[in-house]
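Worksheet: the structure to be examined is printed underneath.
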Amino acid sequence: MQDEEYLPVPVIDAVAIDCADPDALGRFWQALIGGELRPDQHGVTELHGGRVRLDFAQVPEGKQVRKNRVHLDLYVPPETKDRSIARALSLGATRADDIYDGPLWQCLRDPEGNEFCLIWGADHP
């Protein structure tokens, strides 16, 4: 029990995204948020350069549920929200108004159907 007191708090190393085509999905996210794509020795495509690494891992099955339990919220300045949404759509995202259709953020889906949100209503430095 005493050893547990001295364990460091875990930090997020990466967010793993299961997908059919790691390279293609990695390129979408790279175009959206920047960074450098690097394949690893296990067939995972890693996107480096953001606050958290994104890992794209190939799995045989497609998305099984209508809405992801975990998704990324990406902050954009309020004055750029319309252009940011248009840019994401031009890169291959689709609107996810069936998840949320309101004034505080825009829910979108990446090319493989994974939800993410562009948010502008949050308190941000």
When the side chains of residues 42-49 are checked against the rest of the protein, which donor-acceptor pairs come out under 3.5 Å, sequence neighbours left out?
unit_1, atom_1, unit_2, atom_2, d
Thr45, OG1, Asp23, OD1, 2.8
Glu46, OE1, His48, NE2, 2.7

Could you go through residues 100-109 and list every donor-acceptor pair under 3.5 Å that involves a side-chain atom there, pairing it with any protein atom two or more places apart or in another chain?
unit_1, atom_1, unit_2, atom_2, d
Tyr100, OH, Leu104, N, 3.3
Gln106, OE1, Arg95, NH2, 2.8
Gln106, NE2, Asp97, OD1, 3.0
Arg109, NE, Glu115, OE2, 3.4
Arg109, NH1, Asp98, OD1, 3.1
Arg109, NH2, Asp98, OD1, 3.1
Arg109, NH2, Asp98, OD2, 2.9

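Taking all atoms of both residues into account, the shortest heavy-atom contact from Val76 to Leu118 is CG1-CD2, 4.2 Å. Looking at every heavy atom in both residues, Asp73 comes nearest to Cys117 through OD1-CB, 3.3 Å. In terms of heavy atoms, Asp110 sits closest to Phe116 at N-CE2, 3.7 Å.
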Can Leu74 and Leu32 be said to form a side-chain contact (heavy atoms from CB on, under 4.5 Å), step by step? CA-CA 10 Å; Leu74 307 174; Leu32 186 66; 3.9 Å; yes
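Ala24 pairs by the side-chain contact (heavy atoms from CB on, under 4.5 Å) definition with Asp21, Arg27, not counting sequence neighbours. For Asp55, the salt bridge (charged side-chain N to carboxylate O under 4.0 Å, His left out) criterion is met by Arg53, not counting sequence neighbours. Residues passing the side-chain contact (heavy atoms from CB on, under 4.5 Å) test with Pro78, sequence neighbours excluded: Tyr75, Trp120. In this view, Phe28 satisfies the ring-ring contact (aromatic ring centres under 6.0 Å, His included) rule with no residue, not counting sequence neighbours.
Residues Ile33 and Leu72 form no side-chain contact, since every pair of their non-hydrogen atoms from C-beta on lies 4.5 Å or further apart.
In the hydrophobic clustering of this structure, Ile12 groups with Ile17; members are Ile, Leu, Val, Met, Phe, Trp, Tyr whose side-chain heavy atoms approach within less than 4.5 Å, directly or through other members. Taking hydrophobic clusters as Ile, Leu, Val, Met, Phe, Trp and Tyr residues chained together by side-chain heavy-atom distances below 4.5 Å, Val59 does not share a cluster with Leu25.
Trp29 CH2 to Asn114 CG: the interatomic distance, rounded to the nearest 0.5 Å, is 8.0 Å.
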